[in-house]
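Positions are given from 1 along the sequence. Ligands are counted one by one from 1 in listed order, and the atoms in each one are counted from 1 as well. Every heavy atom of this structure was used, including side-chain atoms; hydrogens, water molecules and symmetry mates were not. None of these values were measured; they are calculated from a predicted model.
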Amino acid sequence: MSDHELRVSKIRDGTVLDHLPGGSSLHVLALLGIDGSEGTGVSVAMNVPSDRMGAKDVVKVEERELSQAEVDVLSLIAPRATVNIVEEYEVREKKRVERPESVTGVLACPNSNCITNDEEPVETRFDVLDDGVRCDYCETIIREGIADHLDVS
Ligand code: CTP
Ligand code: ZN
């Protein structure tokens, strides 16, 4: 994107999550557990025109370098995201999200009889499949709308 189209300022230090699906950035922040209470800068741009994607979201998290493990969970809802680590205004590292083998504590099982939904719940754990995720406890598979099952309260 050329500079005259820039919607959100460049950041000095932190992480820029780019090429997020249009409209997904609030889910992305929820998945990362970022709600603003950190006190550091967080910028969100939704539905920015993109040559590659039509419309994309961009999230800039200042003063925080997100680890590969932290961003890999994003692959569930933003498989084409790029993660840019910025230092002194320069992109020092650009990485892609990678599909993790499993995700723990981020999705709620839709099966109300699942042990993870008991009154004293055990932490959820899902295996990541090619076309969805499968609960480790009851084997319920979520294929579509994974973002609707975020358990990030
Ligand atoms: N960025 C930023 N602050 C900086 C440097 C970069 O917010 N100090 C943002 C840019 O606005 C962009 C992303 O980080 O959204 C990646 O920057 P860059 O690699 O320079 O852009 P592109 O080459 O367009 O990235 P790509 O090839 O991944 O599309
Ligand atoms: Zn289950």
Can [X] and [Y] be counted as an ion pair, charged N to O under 4.0 angstrom?
X: E70; Y: R64; result: yes
X: K56; Y: D18; result: yes
X: E87; Y: R92; result: yes

Those atoms of ligand 1 less than 4.0 Å from some heavy atom in [X]:
X: K94; value: 16 (C), 18 (P), 19 (O), 25 (O), 26 (P), 27 (O), 28 (O)
X: V86; value: 4 (C), 8 (N)
X: H19; value: 26 (P), 28 (O), 29 (O)
X: K60; value: 2 (C), 7 (O), 11 (O)
X: D18; value: 12 (C), 13 (C), 15 (O)

Metal environment of the Zn ion (ligand 2), protein N/O/S under 2.8 Å: C109 SG, C114 SG, C135 SG, C138 SG
Kindly indicate whether the side chain of [X], heavy atoms from C-beta on, has any atom under 4.5 Å from the side chain of [Y].
X: E62; Y: D13; answer: no
X: I11; Y: V16; answer: yes
X: V58; Y: S25; answer: no
X: L17; Y: T15; answer: yes

Any N/O pair I11/ligand 1 closer than 3.5 Å: yes
Contact check: R52 vs ligand 1, nitrogen or oxygen atoms, below 3.5 angstrom: yes
Derivation of the side chain to side chain contact (heavy atoms under 4.5 Å, CB included) call for L74 and L32: CA-CA 8 Å; L74 298 181; L32 295 172; 4.1 Å; yes
Check: R96 main-chain N/O paired with Q68 side-chain donor or acceptor under 3.5 Å: yes
D35, CG atom: more than 12 neighbouring heavy atoms under 6.0 Å: yes
R12 heavy atom under 4.0 Å from ligand 1: no
